[in-house]
Amino acid sequence: MPAISSKKPYRIGRSRTGLGLFATKPIKRGTKIVRYFGPLLDSKKKKDDAVENKYLFELNDRWTIDGSVRENIARYINHACKPNAESDVRPRKRKVFIRAIKNISPGEEINYDYGTDYFKAYLKPIGCKCAACEKKRKKKRAEARAERLRLNAKAERKALRKAEKQAAKAEEQHRLHGAKANGVKLNGKLMNGHGGKPAAGKMISAKSGIFARPGGKPDREDSASA
């Protein structure tokens, strides 16, 4: 890890993505924090054009800074979708400075937006880990968790209503079965001898004055008195 003068308003420290650059003193908005440093690569030269690493900073169609060298302190600055700094590119001078776009407090990590091309090539495949994206992911996880709880509660209410209906139906069937067994009038018929079939051996009266005995011959009143 390169040594940094105590006069500099930053230090290298541990970040959520590995190492990062942190403010050690208040940095005002608009302040040039550090220069993005490295050898210049000429795209017209095959040797230079063949160089590949994550620290290449393109100045224009021809010139690119290879920031992978140890002396380049700016390479420790991480990407952020909502940064507190930005890259100040000066193609004619072939220089790049990292400049604060917000007031940065001591202990705060310094970051800037690496750009769309870098994001798509290196960050999107693994997921951006900047504070803004972590906040979005946390919010989405909370919303997904709340949605699962809502659906579970809905399913439980539905199951409870179904169970209550089944219980009510079973109770009604039980009540009807008990009423039928106790002789309650059902479907226009009376049970337990009330309007049902006559019991064996009992007399059946008729308007003609004749008593009919089940299984026997009819008896007249006069013959009964005789």
Side-chain angles (χ1 to χ4, degrees), residues 1-140:
M1 188 179 297
I4 299 176
S5 172
S6 59
K7 295 181 180 180
K8 300 295 183 180
Y10 50 76
R11 65 174 178 83
I12 298 171
R14 183 63 56 182
S15 175
R16 64 166 55 91
T17 57
L19 293 177
L21 201 66
F22 294 81
T24 56
K25 300 176 182 179
I27 301 175
K28 292 183 179 181
R29 178 182 177 181
T31 302
K32 292 179 185 178
I33 302 172
V34 63
R35 178 184 170 189
Y36 197 94
F37 174 82
L40 287 172
L41 302 178
D42 188 348
S43 62
K44 292 185 177 182
K45 297 179 181 180
K46 291 184 179 180
K47 182 180 178 180
D48 288 356
D49 195 43
V51 175
E52 287 289 342
N53 63 62
K54 295 190 297 182
Y55 302 102
L56 299 179
F57 200 113
E58 187 177 280
L59 295 171
N60 51 37
D61 293 340
R62 180 175 180 179
W63 298 104
T64 298
I65 296 174
D66 182 0
S68 62
V69 296
R70 181 181 175 84
E71 296 80 7
N72 181 30
I73 304 299
R75 72 175 185 162
Y76 292 100
I77 301 177
N78 289 311
H79 164 86
C81 294
K82 292 184 178 180
N84 52 20
E86 67 178 2
S87 57
D88 182 5
V89 184
R90 302 182 181 185
R92 290 185 179 181
K93 294 184 178 182
R94 300 174 189 174
K95 292 181 179 180
V96 174
F97 292 94
I98 306 303
R99 181 169 58 88
I101 57 174
K102 297 179 181 179
N103 292 330
I104 304 174
S105 303
E108 188 177 351
E109 184 174 2
I110 301 167
N111 44 56
Y112 69 97
D113 189 344
Y114 283 6
T116 303
D117 293 340
Y118 188 98
F119 186 90
K120 289 181 178 179
Y122 295 103
L123 300 177
K124 189 175 181 179
I126 61 174
C128 180
K129 296 181 181 180
C130 76
C133 289
E134 285 289 348
K135 186 176 181 180
K136 286 181 182 179
R137 280 192 289 269
K138 185 177 180 180
K139 182 179 179 181
K140 286 182 178 180

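Just so you know, these numbers use all the heavy atoms, side chains as well, and skip hydrogens, waters and symmetry mates.
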* What residue among Ile27, Ile33, Ile104 forms side chain to side chain contact (heavy atoms under 4.5 Å, CB included) with Asn84? -> Ile104
Hey, what do you get for [atom1] ([X]) to [atom2] ([Y]), rounding to the nearest 0.5 Å?
| X | Y | atom1 | atom2 | result |
| --- | --- | --- | --- | --- |
| Ser43 | Leu59 | OG | CG | 11.0 Å |
| Cys81 | Phe119 | SG | CZ | 5.0 Å |
| Ile98 | Tyr10 | CD1 | OH | 11.0 Å |
| Glu109 | Arg14 | CD | CZ | 11.5 Å |
| Asp88 | Tyr112 | CG | OH | 12.0 Å |
| Arg29 | Asn103 | CZ | CG | 8.0 Å |

Is there a side-chain contact between [X] and [Y] (heavy atoms, below 4.5 Å)?
| X | Y | result |
| --- | --- | --- |
| Pro26 | Ser105 | no |
| His79 | Asp113 | yes |
| Trp63 | Asp42 | yes |

Looking at every heavy atom in both [X] and [Y], which two are closest together, and how far apart are they?
| X | Y | answer |
| --- | --- | --- |
| Asn111 | Pro83 | OD1-CA, 3.1 Å |
| Arg11 | Ile4 | CA-CD1, 4.1 Å |
| Ala85 | Ile110 | CB-CG2, 4.2 Å |
| Val34 | Ile77 | CG1-CD1, 3.8 Å |
| Ser6 | Lys25 | O-NZ, 3.7 Å |
| Gly20 | Ser15 | N-CB, 3.9 Å |

Does the [X] side chain pair with the main chain of [Y], one donor and one acceptor, at a distance under 3.5 Å?
| X | Y | value |
| --- | --- | --- |
| Arg75 | Ser68 | yes |
| Ser5 | Lys7 | yes |
| Asp49 | Lys44 | no |

* To do: Determine, step by step, whether Tyr55 and Phe57 satisfy the ring pair (Phe, Tyr, Trp, His ring centres under 6.0 Å) criterion, reporting the C-alpha distance in whole Å, the side-chain angles of both residues, the deciding distance to 0.1 Å, and the verdict.
  => CA-CA 6 Å; Tyr55 302 102; Phe57 200 113; over 10 Å; no
* **Plane angle bin for Tyr118 and Tyr114 - parallel if under 30°, tilted between 30 and 60°, otherwise perpendicular** => perpendicular
* Criterion side chain to side chain contact (heavy atoms under 4.5 Å, CB included) on Asn72 and Ile65, from CA distance to verdict -> CA-CA 11 Å; Asn72 181 30; Ile65 296 174; over 6 Å; no
* Is it the case that more than 12 heavy atoms not belonging to Asp61 sit under 6.0 Å from its CG atom? ->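 No, the 6.0 Å shell around CG holds no more than 12 heavy atoms from other groups.
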